[in-house]
Peer 1: 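Once you've had a glance at the structure underneath, I'll fire off some questions.
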Amino acid sequence: MEQFLQQLLNGLAVGGIYALVALGYTMVYGVLKLINFAHGDLFTIGAYFGFTLLVSWNLSGLLPPVVAVLAVFIMVSLLVAIIGWVLERAAYRPLRNAGRLSAVVSALGASIFFENAIMLIYGARVYVYPDFLRPEFTISLWGMQVPAMRMLIIVASIALMLALWAFIQRTRMGAAIRAVAIDPGAAVLMGVNVDRVISIVFLIGPGLGGAAGLMVGIYYGQIDFLMGWTYGLKAFTAAILGGIGNIPGAMLGGFLLGVTEALAAGYIAMAWKDAVAFLVLILILIIRPTGILGERTADKL
């Protein structure tokens with residue numbers, strides 16, 4: 001039982017990271033019906049920005065550990081959000097009426113650009129986060145000693161998701177985002193500024209992705225310029241699993257994917273965790289092709 005709970009908590013920590021990145025995919029798809037293939041690379045940029053601020057700018061030495069992490073967390077989220085906003089203005093908005101294939105090609109081009117830019121600026125080697133960010137102290141939970149960093153990642157990811165959910169459900173801008181996702185034409189007739197809504201989505205999604213990148217650096221301690229491909233693929237899988245375009249579905253899909261991988265690694269073998277996770281995805285999509293929380297919608301003629 002103790003092993004199961006340990007693997008469950010580990011899966012929730014990883015799943016929370018998957019879910020934060022998946023939210024970026026699902027929000028963009030919800031309003032534009034576009035898969036932002038560059039989103040995984042924005043996640044990587046967040047991890048490298050965090051490393052730069054903590055090490056190169058020495059914030060980890062100038063400020064107390066908790067203050068340094070909070071400050072870098074906010075700064076990374078804002079910086080990556082701005083990059084996401086610029087990406088939408090430069091790569092997607094000019095092609096909005098040019099057909100979906102053109103936008104997909106533009107997204108792939110942006111992904112290649114970001115990946116190579118990171119490699120040229122930072123190099124191809126692996127970077128290591130400061131050790132003080134991974135304290136050895138543990139928390140007693142259900143008779144187990146759980147690493148405190150694991151619990152902090154779980155709590156932080158859930159807090160960000162709840163904040164996003166409250167924003168979408170309780171604010172006027174959130175209502176506008178939901179309206180554009182349901183019917184952009186009707187939203188325009190009701191006075192919604194669609195361009196502004198899309199810009200907000202490209203601020204929120206990359207901001208969450210950048211925060212997730214920082215979490216990976218803190219949690220695992222190592223980052224590399226190709227990590228966006230791996231985590232982006234897993235997060236995209238999580239979004240499909242929960243129902244692409246559905247925000248609660250992205251959250252659920254991320255946690256389910258993370259827990260499935262952790263249990264497979266703990267009870268079968270580490271080498272099989274990805275195979276088992278994708279097998280679960282296939283089985284769920286056979287039963288529900290739209291994902292767990294996805295809904296069937298009529299095609300527009």
Peer 1: Between T44 and M227, is there a donor-acceptor pair closer than 3.5 Å when you use the side chain of the first and the backbone of the second?
Peer 2: no

Peer 1: Between T26 (side chain only) and L23 (backbone N and O only), is there a donor and an acceptor less than 3.5 Å apart?
Peer 2: no

Peer 1: Hey, is R178 close enough to D183 for a salt bridge, meaning N to O under 4.0 Å?
Peer 2: no

Peer 1: Could you report the tightest heavy-atom contact between Y25 and A235, atom names first, then the distance?
Peer 2: CE1-CB, 4.0 Å

Peer 1: Where do G228 and F43 come nearest, in terms of heavy atoms and distance?
Peer 2: CA-CD2, 4.1 Å

Peer 1: Can you tell me how far CD1 of I198 sits from CZ of R96, rounded to the nearest 0.5 angstrom?
Peer 2: 3.5 Å

Peer 1: Kindly say whether A107 contributes a backbone atom to a donor-acceptor pair with the side chain of S111 at under 3.5 angstrom?
Peer 2: no

Peer 1: After noting the C-alpha distance and the side-chain angles of Y122 and F225, does the key distance pass the ring pair (Phe, Tyr, Trp, His ring centres under 6.0 Å) rule?
Peer 2: CA-CA 8 Å; Y122 288 94; F225 76 101; over 10 Å; no

Peer 1: What I want to check is whether the side chains of Y29 and N36 have a donor and an acceptor closer together than 3.5 Å.
Peer 2: no

Peer 1: For residues A91 and S106, report the shortest heavy-atom separation together with the two atoms involved.
Peer 2: O-OG, 2.7 Å

Peer 1: Please find the pair of heavy atoms, one from G291 and one from L285, that lie closest to each other, and give the distance.
Peer 2: N-CD2, 4.1 Å

Peer 1: For side-chain contact (heavy atoms from CB on, under 4.5 Å), just list the numbers for Y129 and V55, CA-CA rounded to whole Å, side-chain angles, deciding distance to a tenth of an Å, and then say yes or no.
Peer 2: CA-CA 8 Å; Y129 264 62; V55 178; over 6 Å; no

Peer 1: Before giving the answer on side chain to side chain donor-acceptor pair (under 3.5 Å), spell out for S199 and R89 the whole-Å C-alpha distance, their side-chain angles and the decisive distance to 0.1 Å.
Peer 2: CA-CA 8 Å; S199 294; R89 297 286 298 229; 5.0 Å; no

Peer 1: To the nearest 0.5 Å, tell me how far L87 CG sits from L42 CG.
Peer 2: 6.0 Å

Peer 1: Using the rule that two of Ile, Leu, Val, Met, Phe, Trp, Tyr join whenever any of their side-chain heavy atoms come within less than 4.5 Å, decide whether V188 and I200 are in one cluster.
Peer 2: yes

Peer 1: Below 4.5 Å, heavy atoms only, C-beta onward: do V21 and L208 meet side chain to side chain?
Peer 2: no

Peer 1: Would the number of heavy atoms belonging to other residues, nucleotides or ligands and lying under 6.0 Å from CZ of F167 be above 12?
Peer 2: yes

Peer 1: Is it true that K234 and D274 make a salt bridge, defined as a side-chain N closer than 4.0 Å to a carboxylate O?
Peer 2: yes

Peer 1: If you round to the nearest 0.5 Å, how far is CD of E115 from CG of L120?
Peer 2: 11.0 Å

Peer 1: What pair of heavy atoms forms the shortest contact from V28 to L34, and how long is it?
Peer 2: CG1-O, 3.5 Å

Peer 1: Are F37 and I112 connected in the hydrophobic side-chain network, where two residues link if heavy atoms are under 4.5 Å apart?
Peer 2: no

Peer 1: Would a single hydrophobic cluster contain both Y267 and L257, if residues Ile, Leu, Val, Met, Phe, Trp and Tyr are joined by side-chain heavy-atom contacts under 4.5 Å?
Peer 2: yes

Peer 1: Should I204 and V86 be regarded as members of a common hydrophobic cluster, given that ILVMFWY residues are connected when their side-chain heavy atoms come within less than 4.5 Å of each other, either directly or indirectly?
Peer 2: yes

Peer 1: Do Y219 and V126 land in one hydrophobic cluster if side-chain heavy atoms of ILVMFWY residues count as linked below 4.5 Å?
Peer 2: no

Peer 1: Any sub-3.5 Å donor-acceptor pair from H39's side-chain atoms to G232's backbone N or O?
Peer 2: no

Peer 1: Is a donor on one side and an acceptor on the other found under 3.5 Å between the side chain of S77 and the backbone of F73?
Peer 2: yes

Peer 1: Please report the interatomic distance CG(L226) to CG(D41), rounded to the nearest 0.5 Å.
Peer 2: 9.5 Å

Peer 1: As an exercise, state the distance from OG1 of T52 to CG of L79, rounded to the nearest 0.5 Å.
Peer 2: 10.0 Å

Peer 1: Shortest non-hydrogen contact from L54 to P130?
Peer 2: CB-CG, 4.4 Å

Peer 1: From L12 CG over to L5 CG, what is the distance, rounded to the nearest 0.5 angstrom?
Peer 2: 10.5 Å

